[in-house]
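Bear in mind the structure is a predicted one, so any value in this text is a computation, not a measurement.
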Amino acid sequence: MSKKLKIVETPSVEVPPEVADFAQKSVDQAQAAFDKASDLAHSNMQYFDAAAGAFKARAADIQLKAMEIAQINMNSAFTFVRKAFAVKDPTEFAALHQEFTRDQFAAFSRQASELNELGVLLAQETVKPVQDGVLKSFGNLSKAVA
């Protein structure tokens, strides 16, 4: 037994022009909001990319400075040991050790200061692009809302 499908025609419904206009404006506003959000996301990615580049550059500077410091300190230690082997009496060794300790403490202070300066630059240069992006984003957002 075969059944036939019955096709039912529905009467056409006319959408009032005000409703069609409202729907069109809503779609246009949604598209504009999406475009602004998309532009904001792209510009923020550029800011984060700039921050990552600054971080990478300054981190490399810090690594190089740390290697330089290690080399200087090792050379100083080797020099001390060579001089220590040449001493003849305990008072001469004590004076040599005191001088070495004083020089190493002064070097440590300088080296810590140099690393601190590089660390501050790393923080400033890494945060600046993100900070600029956030300020610009909120400025654009406040203009869009107003």
Side-chain angles (χ1 to χ4, degrees), residues 1-86 93-146:
M1 170 184 216
S2 71
K3 292 185 177 181
K4 283 189 169 182
L5 292 175
K6 188 176 182 181
I7 298 175
V8 179
E9 287 188 34
T10 58
S12 65
V13 177
E14 210 172 296
V15 177
E18 298 84 17
V19 173
D21 187 45
F22 176 76
Q24 184 62 44
K25 285 181 182 177
S26 296
V27 170
D28 291 344
Q29 287 175 343
Q31 178 70 46
F34 175 78
D35 289 344
K36 285 182 183 179
S38 180
D39 290 344
L40 182 64
H42 285 285
S43 66
N44 283 342
M45 284 303 298
Q46 291 172 345
Y47 294 125
F48 284 113
D49 189 42
F55 179 84
K56 183 178 178 183
R58 285 299 171 188
D61 291 345
I62 290 171
Q63 286 178 319
L64 289 173
K65 180 55 77 175
M67 290 172 55
E68 176 186 322
I69 287 170
Q71 183 68 45
I72 290 169
N73 291 340
M74 288 306 298
N75 287 340
S76 180
F78 288 134
T79 300
F80 168 74
V81 171
R82 282 189 187 98
K83 287 180 181 179
F85 283 136
F93 178 79
L96 179 66
H97 186 266
Q98 185 179 15
E99 178 187 352
F100 174 74
T101 303
R102 184 180 58 246
D103 291 348
Q104 282 304 104
F105 185 75
F108 173 76
S109 295
R110 280 191 316 276
Q111 294 163 353
S113 177
E114 291 171 2
L115 286 174
N116 183 52
E117 288 175 24
L118 289 173
V120 167
L121 286 174
L122 176 121
Q124 289 173 339
E125 292 175 11
T126 301
V127 169
K128 184 164 178 30
V130 175
Q131 182 182 22
D132 291 347
V134 169
L135 292 174
K136 183 178 178 184
S137 296
F138 280 113
N140 290 343
L141 182 62
S142 64
K143 288 177 189 174
V145 171

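Contact check for N116 versus S113: no side-chain heavy atoms found under the 4.5 Å cut-off. You'll find the side chain of T126 stays beyond 4.5 Å of the side chain of R58, heavy atoms only. Side-chain contact between D61 and L121: absent, with no pair of heavy atoms (C-beta onward) separated by less than 4.5 Å.
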List the steps, then state whether salt bridge (Lys or Arg N to Asp or Glu O under 4.0 Å) holds for K65 with E68. CA-CA 5 Å; K65 180 55 77 175; E68 176 186 322; 3.3 Å; yes

Could you go through K36 and D39, starting from their C-alpha distance and side-chain angles, then the distance that decides it, and tell me whether this counts as salt bridge (Lys or Arg N to Asp or Glu O under 4.0 Å)? CA-CA 5 Å; K36 285 182 183 179; D39 290 344; over 6 Å; no

Worked verdict on F85 versus V81 for side-chain contact (heavy atoms from CB on, under 4.5 Å): CA-CA 6 Å; F85 283 136; V81 171; 3.4 Å; yes

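Looking at every heavy atom in both residues, E125 comes nearest to A54 through O-CB, 3.3 Å.
In this structure, Q111 CD and I72 CD1 are separated by 6.0 Å, a value rounded to the nearest 0.5 Å. The CD atom of E114 sits 8.0 Å away from atom CG of L118, with the distance rounded to the nearest 0.5 Å. Taken from CZ in F108 to CD1 in I69, the straight-line distance is 9.5 Å, to the nearest 0.5 Å. Atom CG of L122 is separated from atom CD1 of I62 by 5.0 Å, given to the nearest 0.5 angstrom. Taking CD of Q63 as the reference point, atom CE of M67 lies at 8.5 Å (rounded to 0.5 Å). From S109, atom OG reaches atom CD of Q104 across 11.0 Å, with rounding to the nearest 0.5 Å.
With hydrogens and angles ignored, the 3.5 Å screen pairs no side-chain donor or acceptor of S38 with any backbone N or O of F34. With T79 contributing its side chain and N75 its backbone, the two residues share a donor-acceptor pair below 3.5 Å.
Under a 4.0 Å N-O distance rule, the pair D28/K25 does not qualify as a salt bridge.
Within 6.0 Å of OH on Y47 lie more than 12 heavy atoms contributed by other residues, nucleotides or ligands.
Ring geometry for F80 against F100 counts as parallel: the plane angle stays under 30°, on a 0 to 90° scale with 60° as the upper cut.
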